[in-house]
Colleague: 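Take this structure, written in structure tokens, and hold onto it; I'll ask about it next.
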Number of protein chains: 2
Amino acid sequence: MPVSTEWLLHCATTLAQLDPGTTASAAQLAQYYDLPAAYLAKQLQALVRSGALAATTGPRGGFRLARPASEITLLDIVEAVDGAASPYECREIRQQGRGALSPEECRNTCVLAEKMADAHEAWRRSLAATSLADVLATLPPSAPERTRRRMAGAT
Amino acid sequence: MPVSTEWLLHCATTLAQLDPGTTASAAQLAQYYDLPAAYLAKQLQALVRSGALAATTGPRGGFRLARPASEITLLDIVEAVDGAASPYECREIRQQGRGALSPEECRNTCVLAEKMADAHEAWRRSLAATSLADVLATLPPSAPERTRRRMAGAT
DNA sequence: GATATTGCGGATCTTTTTAGTCCGAGATAG
DNA sequence: CTATCTCGGACTAAAAAGATCCGCAATATC
Ligand code: FES
Ligand code: FES
């Protein structure tokens, strides 16, 4: 799992603390966390493509949340940057080799593939249970003001 | 996630269907599923190292379950081949850059890292809930006999 | 006791993914 | 209208992981 996952999770949390209508540029966010600006910009695009963020181009432009913070889950962000596909991929190994099963016996999906899919679904469900609003609720009340202040001074 | 994960899950299920005391060599298992024998052998070693399988060297040697099938979970197998580390790695990004938090504010772990760890734990819990014995229970009663028969004819 | 067979570990090569950089299209402010 | 600032996608290098190979140690058989 790429390092940029952590970047985007934190960037989204930061954007959620901004006033509505305000945007933060990729350069600002990069400076805020000391990250390579060009590469961060590339990853932010993935979140725009997925519909979690909205981007405004031109001077005074930048990124903002495309939806209320309560409607953006951690799963949305993680799947946008890391891909939504399950890491486990069943290649129907049971139909190959000397022990191959007949096509009739394979009408229902393999038990092992099913269990692996269940585990992946449990992982997804756990991440989908937390929204950006939930994350903000755990922060001290002074955090948003502080974030806005430190962000304003950036280039 | 490597393709070999599926291989090992099925190989372990196959071994669980053998009579106690009987072993199956890597070549036999490879032929049974039409897999590259050399690579499969290497992955089987990982399961031996983890303690899920036991190996006997020499003629008539091979692999067998090291424990009763009810004591081997899918998580044991997956973590043996794919590693037990969480795919998400927190690099403490919150302490870097212009928005860096003070060390005092970072005494407790970051909320985002905690949520990601929770999701990973949910995934683990789901896989640990199923043992090889549970998998065998879903198979038709004729399956073990059939597996033993087809395995016997291999080189 | 010699021999064939099997697992074991390390060294090696290939492929995929990740990390990083770059320049162009488009929009806003002046 | 022009200059400047922003995202957007294409391109290139680096690292990690996957996959493969070969030689060594151990054991049962003959
Ligand atoms: S055939 Fe793919 S998991 Fe069983
Ligand atoms: S600092 Fe690593 S997830 Fe927040």
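In what follows, chains carry the letters A, B, and so on, assigned in the order in which the sequence lines appear, proteins first and then strands, with residues in each chain numbered from 1.
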Colleague: Run the salt bridge (Lys or Arg N to Asp or Glu O under 4.0 Å) test against B:Glu114 and tell me which residues pass, sequence neighbours left out.
Modeller: none

Colleague: Has A:Arg60 got more than 12 heavy atoms of other residues, nucleotides or ligands less than 6.0 Å from its CZ?
Modeller: no

Colleague: Name all residues meeting the salt bridge (Lys or Arg N to Asp or Glu O under 4.0 Å) criterion together with A:Arg149; count only those two or more places apart in sequence or in a different chain, and write none if there are none.
Modeller: A:Glu145

Colleague: B:Arg64 has an atom CZ; how far is it from atom P of D:dT27, in whole Å?
Modeller: 13 Å

Colleague: Rounding to an integer number of Å, can you tell me how far A:Phe63 CZ sits from D:dC5 P?
Modeller: 17 Å

Colleague: Examine the side chains of A:Gln43 and A:Tyr39 and answer whether a donor and an acceptor come within less than 3.5 Å of each other.
Modeller: yes

Colleague: What are the residues of residues 42-60 of chain A, sorted by number, that bring a heavy atom to within less than 4.0 Å of DNA chain D?
Modeller: A:Lys42, A:Gln45, A:Val48, A:Arg49, A:Ala55, A:Thr56, A:Thr57, A:Gly58, A:Pro59

Colleague: Does atom CZ of A:Arg67 have more than 12 heavy-atom neighbours from other groups under 6.0 Å away?
Modeller: yes

Colleague: If you check the A:Tyr39 side chain, which of C:dT6, C:dA19, D:dT6 turns out closest?
Modeller: C:dA19

Colleague: Please report the distance, rounded to the nearest Å, between CG in A:Asp82 and C1' in C:dT16.
Modeller: 14 Å

Colleague: Quick one: which of C:dG7, C:dT21, D:dC7 gets closest to the side chain of A:Ala26?
Modeller: D:dC7

Colleague: Whole-Å distance between D:dA15 C1' and B:Glu89 CD?
Modeller: 14 Å

Colleague: Considering only side-chain heavy atoms of A:Pro2, which listed nucleotide, C:dA19, D:dG8, D:dA19, is closest?
Modeller: C:dA19

Colleague: To the nearest angstrom, how far is A:Leu40 atom CG from D:dG8 atom P?
Modeller: 12 Å

Colleague: Quickly work out the B:Glu6 CD to D:dG18 P distance and round it to whole Å.
Modeller: 15 Å

Colleague: Whole-Å distance between C:dT16 C1' and B:Met1 CE?
Modeller: 16 Å

Colleague: Indicate the atoms forming the closest heavy-atom contact of A:Ala26 with A:Leu44, along with that distance.
Modeller: CB-CD1, 4.0 Å

